[in-house]
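Below is one structure, written out as C-alpha cells; comments come after it.
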Amino acid sequence: MALMKDEVDIVIPTIRTLDFLESWRPFFQPYHLIIVQDGDPSKTIKVPEGFDYDLYNRDDINRILGPKASCISYKESACRCFGFLISKKKYIFTIDDDCFVAKDPSGKEINAVEQHVRNLITPSTPFFFNTLYDPYREGADFVRGYPFSMRSGVPTAVSHGLWLNIPDYDAPTQLVKPRERSTRYVDAVITIPKGTLYPMCGMNLAFDRELIGPAMYFGLLGDGQPFKRYDDMLAGWLSKVVCDHLGLGVKTGLPYLWHSKASDPFVNLKKEFNGLFWQEELIPFFQSVVLPKECTTAQQCYLELAKLVKENLASIDPYFIRLADAMVTWIEAWDEFNPPKPAAAS
C-alpha cells in the first residue's frame with residue numbers, strides 16, 4: 001500500500017518524452033502526477049500508459065492564470081511551481097526527468113516518495129542539533145544532554161533528497177571535475193539548523209504545501225531574464241528564511257535517486273554567470289533578514305520578503321524589482337487557487 005496515496009502529488013517539469021517514468025512505475029503509479037511542459041506548447045509530450053496524470057503546457061498556464069501567468073518562468077525548470085500552485089494535495093514531491101531510481105548499498109531499489117513522506121510526517125529539530133542525526137528514525141534517539149523540552153520537535157516543512165552518479169555542481173566545478181561522480185551513500189537524515197541556509201536542489205525535493213507552499217516559488221528566471229539556473233537556490237533561501245521564522249523544520253539526506261545526465265558546463269556557465277557573482281551578495285542578505293513577528297503565515301512572510309528584496313537588492317540589478325513584483329503576483333495567484341479553509345464551527 002502506497003504511503004499517503006491520496007495526499008501526494010508528484011510534479012515533473014519537462015521538455016521531452018517521459019520514458020524515465022518506466023523506471024519509477026512501481027513507486028509512482030499509485031500517485032497522481034502533475035506534468036508541466038516547458039518550451040513550445042505545440043510539441044507533443046508522450047507519457048507512458050498506466051499513469052494517473054494531468055499535463056499542462058504554456059497555453060494552459062496562460063489560460064488558467066490569465067495576467068498572473070507572468071510570474072511563471074519560461075524555458076526554466078522553475079515552471080514546475082505552476083504544479084505546486086494548482087495541486088490540492090498536502091504533500092508535493094518534485095523530480096527532474098533525468099533522474100532514475102537509485103539502489104542502496106544492499107542493492108535494494110529506493111522508494112524516494114515513501115522516504116520523503118516519512119521525513120515530512122516526522123518532526124524536525126532545528127533549535128538543537130542531535131549528533132545521532134534524525135532521532136525519530138528507527139534505531140536512533142536523542143543523545144545524552146539533549147534538552148527534554150525540545151524533544152517533541154517541530155513540524156517538518158521540507159524534505160531535501162540527494163543524488164548518486166552526476167553531482168549537482170555549478171559550471172566552474174563541472175569544468176574542473178568533469179569525470180567526478182557521486183558514489184557515497186550516507187544512510188542519514190539531518191535537520192538543517194535554524195539560521196543556516198543551504199543550496200536547495202529541485203530535482204529531488206518534497207514539501208508540505210499546507211505549511212510552506214506559498215514560499216516554494218522558484219522565482220522569475222529563464223527566458224528573457226538575466227538570472228538562470230538559480231530557481232531552486234532562490235526558493236531554498238527564501239523558504240528557509242520563512243521556515244526559520246515560523247518555527248518549521250527542513251531535513252536533508254535520504255532519499256537518494258540516480259541523476260543520469262550532466263548538463264553542458266559551457267552552456268551552464270553562460271546561464272549562471274550573473275548568479276555566480278550575485279550569490280555572494282544575496283546569501284548574506286538572506287542570512288541577515290529578520291521578519292516582523294506580525295508575520296504569522298507563509299504568505300505574510302513572503303510578501304514581507306518581496307518588499308525587502310525590492311528595497312535591498314535593486315541596487316545589484318533592476319531585475320530584482322521584477323522579481324519582487326513577481327513574488328507578489330505569485331502570492332496573489334496562490335491565494336486565488338488556495339483560499340483559506342473556513343473555520344470549523346464551534
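For the residue pair S124 and T156, the shortest heavy atom distance occurs at OG-OG1, 2.6 Å. For V11 against T94, the heavy-atom pair with the smallest separation is O-OG1, 2.8 Å. For Y56 against D60, the heavy-atom pair with the smallest separation is CA-OD2, 3.4 Å. For A326 against C71, the heavy-atom pair with the smallest separation is O-CB, 3.7 Å. C79 and V36 get closest at one heavy-atom pair: O-CG1, 3.4 Å. Across every non-hydrogen atom of I72 and C81, the tightest pair is CD1-SG, 4.1 Å.
D104 and S106 form a side-chain donor-acceptor contact under 3.5 Å, judged by distance and modelled atom types alone. Judged by distance alone, the side chains of Y169 and E180 do bring a donor and an acceptor atom under 3.5 Å apart. Using modelled atom types and a 3.5 Å distance limit, the side chains of Q174 and D170 yield no donor-acceptor pair. Defined by atom type and a distance below 3.5 Å, a donor-acceptor pair is missing between the side-chain atoms of N130 and T125. With hydrogens and angles left out, the side-chain atoms of N204 and H259 include no donor and acceptor closer than 3.5 Å. With no hydrogens or angles considered, no side-chain donor-acceptor pair links T14 and D38 at under 3.5 Å. With hydrogens and angles left out, the side-chain atoms of T196 and K240 include no donor and acceptor closer than 3.5 Å. Inspection of the S263 and N268 side chains reveals an N or O donor paired with an N or O acceptor under 3.5 Å.
For Y146, the OH atom sits in a packed shell: over 12 heavy atoms of surrounding residues, nucleotides or ligands are nearer than 6.0 Å. In K75, the NZ atom is not crowded: 12 or fewer heavy atoms of neighbouring residues, nucleotides or ligands sit closer than 6.0 Å. In this structure, K88 places its NZ atom where more than 12 heavy-atom neighbours from other residues, nucleotides or ligands lie under 6.0 Å away. Atom NZ of K228 is surrounded by more than 12 heavy atoms from other residues, nucleotides or ligands within 6.0 Å. At most 12 heavy atoms of other shown residues, nucleotides or ligands fall within 6.0 angstrom of atom CZ in F266.
A single hydrophobic cluster is not seen to contain both I10 and M200; linkage of ILVMFWY side chains at heavy-atom distances under 4.5 Å, directly or through other members, places them apart. Note: the hydrophobic cluster containing Y74 does not contain F227 (ILVMFWY, side chain heavy atoms under 4.5 Å, direct or indirect links). Using a 4.5 Å cut-off between side-chain heavy atoms of Ile, Leu, Val, Met, Phe, Trp and Tyr, with links allowed through other members, I331 and L313 fall into the same hydrophobic cluster. Both L248 and L303 sit in one connected hydrophobic cluster of ILVMFWY residues. Membership requires side-chain heavy atoms under 4.5 Å apart, directly or through other members. Connection of L220 to I321 is not established within any shared hydrophobic cluster, with ILVMFWY side chains joined at heavy-atom distances below 4.5 Å, either directly or through further cluster members.
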After noting the C-alpha distance and the side-chain angles of Y230 and Q279, does the key distance pass the side-chain hydrogen bond (donor to acceptor under 3.5 Å, both in side chains) rule?
-> CA-CA 9 Å; Y230 272 81; Q279 69 183 6; 2.8 Å; yes
Start with the C-alpha distance between K310 and D325, add both sets of side-chain angles, then the distance that settles side-chain contact (heavy atoms from CB on, under 4.5 Å), and finish with yes or no.
-> CA-CA 8 Å; K310 183 174 281 191; D325 290 342; 2.6 Å; yes
I would like to know whether E76 and R229 meet salt bridge (charged side-chain N to carboxylate O under 4.0 Å, His left out); could you show each step before the answer?
-> CA-CA 7 Å; E76 181 75 67; R229 273 180 60 83; over 6 Å; no
Would V158 and I212 satisfy side-chain contact (heavy atoms from CB on, under 4.5 Å), going step by step from the backbone distance to the final call?
-> CA-CA 8 Å; V158 181; I212 201 65; 4.2 Å; yes
Decide side-chain hydrogen bond (donor to acceptor under 3.5 Å, both in side chains) for D19 and T17; before the verdict, give the C-alpha distance in whole Å, the side-chain angles of both, and the deciding distance to 0.1 Å.
-> CA-CA 6 Å; D19 294 335; T17 295; 5.7 Å; no
When you look at F218 and D232, which way does the side-chain contact (heavy atoms from CB on, under 4.5 Å) test go after all the steps?
-> CA-CA 6 Å; F218 277 51; D232 44 6; 3.6 Å; yes
Worked check of side-chain contact (heavy atoms from CB on, under 4.5 Å) between T252 and I190 = CA-CA 6 Å; T252 186; I190 64 170; 3.7 Å; yes
Salt bridge (charged side-chain N to carboxylate O under 4.0 Å, His left out) between D96 and R80: does it pass, once the steps are laid out?
-> CA-CA 10 Å; D96 285 0; R80 77 179 81 220; 2.7 Å; yes
Determine, step by step, whether K90 and E210 satisfy the salt bridge (charged side-chain N to carboxylate O under 4.0 Å, His left out) criterion, reporting the C-alpha distance in whole Å, the side-chain angles of both residues, the deciding distance to 0.1 Å, and the verdict.
-> CA-CA 6 Å; K90 179 172 173 58; E210 292 179 1; 3.4 Å; yes
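Close placement of the F84 and F207 rings is indicated, their centers lying within 6.0 Å of each other. Under the 6.0 Å cut-off for aromatic ring centres, F27 and Y31 do not qualify, their centroids lying 6.0 Å or more apart. In summary, the aromatic rings of Y198 and H160 are positioned with their centroids under 6.0 Å apart. Between F28 and F51, the gap from one ring centroid to the other reaches at least 6.0 Å. Annotation: F320 is in aromatic contact with W278 [ring centroid separation under 6.0 Å].
F142 pairs in a ring pair (Phe, Tyr, Trp, His ring centres under 6.0 Å) with only one of the listed residues (F128, F148, Y136), which is Y136.
Rounded to the nearest 0.5 angstrom, D9 CG and R209 CZ are separated by 8.0 Å. Summarising the geometry, atom CE belonging to M4 is positioned 9.5 Å from atom CZ belonging to R118; distances are rounded to the nearest 0.5 Å. Once rounded to the nearest 0.5 Å, the distance linking CD1 of I45 with CG of N57 reads 9.0 Å. Here CG of L85 is found 10.0 Å from NZ of K68. Values are rounded to the nearest 0.5 Å. To the nearest 0.5 Å, atoms CD1 (I61) and OG (S73) are separated by 10.0 Å. Here CG of L246 is found 8.0 Å from CG of L291. Values are rounded to the nearest 0.5 Å.
Contact of the P126 side chain with the D244 side chain is not registered, since no non-hydrogen atoms from C-beta on lie closer than 4.5 Å. Contact of the P48 side chain with the R25 side chain is registered, since non-hydrogen atoms from C-beta on lie closer than 4.5 Å. Residues V47 and L21 meet the side-chain proximity criterion, which asks for heavy atoms closer than 4.5 Å. Counting only heavy atoms from C-beta outward, the side chains of Y302 and L238 approach each other to under 4.5 Å. Between L308 and V289, some side-chain heavy-atom pair lies under the 4.5 Å cut-off. V241 is not listed as a side-chain neighbour of W237, based on a closest heavy-atom distance of 4.5 Å or more. When side chains are defined from C-beta on, R58 counts as touching N62, because their heavy atoms get closer than 4.5 Å. Counting heavy atoms from C-beta outward, V113 and L3 have side chains that stay 4.5 Å or more apart.
At least one cation-pi condition fails for R322 and Y319: the charged atom is not both under 6.0 angstrom from the six-membered ring centre and inside a 45 degree cone around its axis.
Note on ring orientation: taking the six-membered ring where Trp is involved, the planes of W330 and Y217 are parallel (angle under 30°, cut-offs 30° and 60°).
Salt-bridge formation is detected for the pair D187/R137: a Lys NZ or Arg NE/NH1/NH2 atom is positioned less than 4.0 Å from an Asp or Glu carboxylate oxygen.
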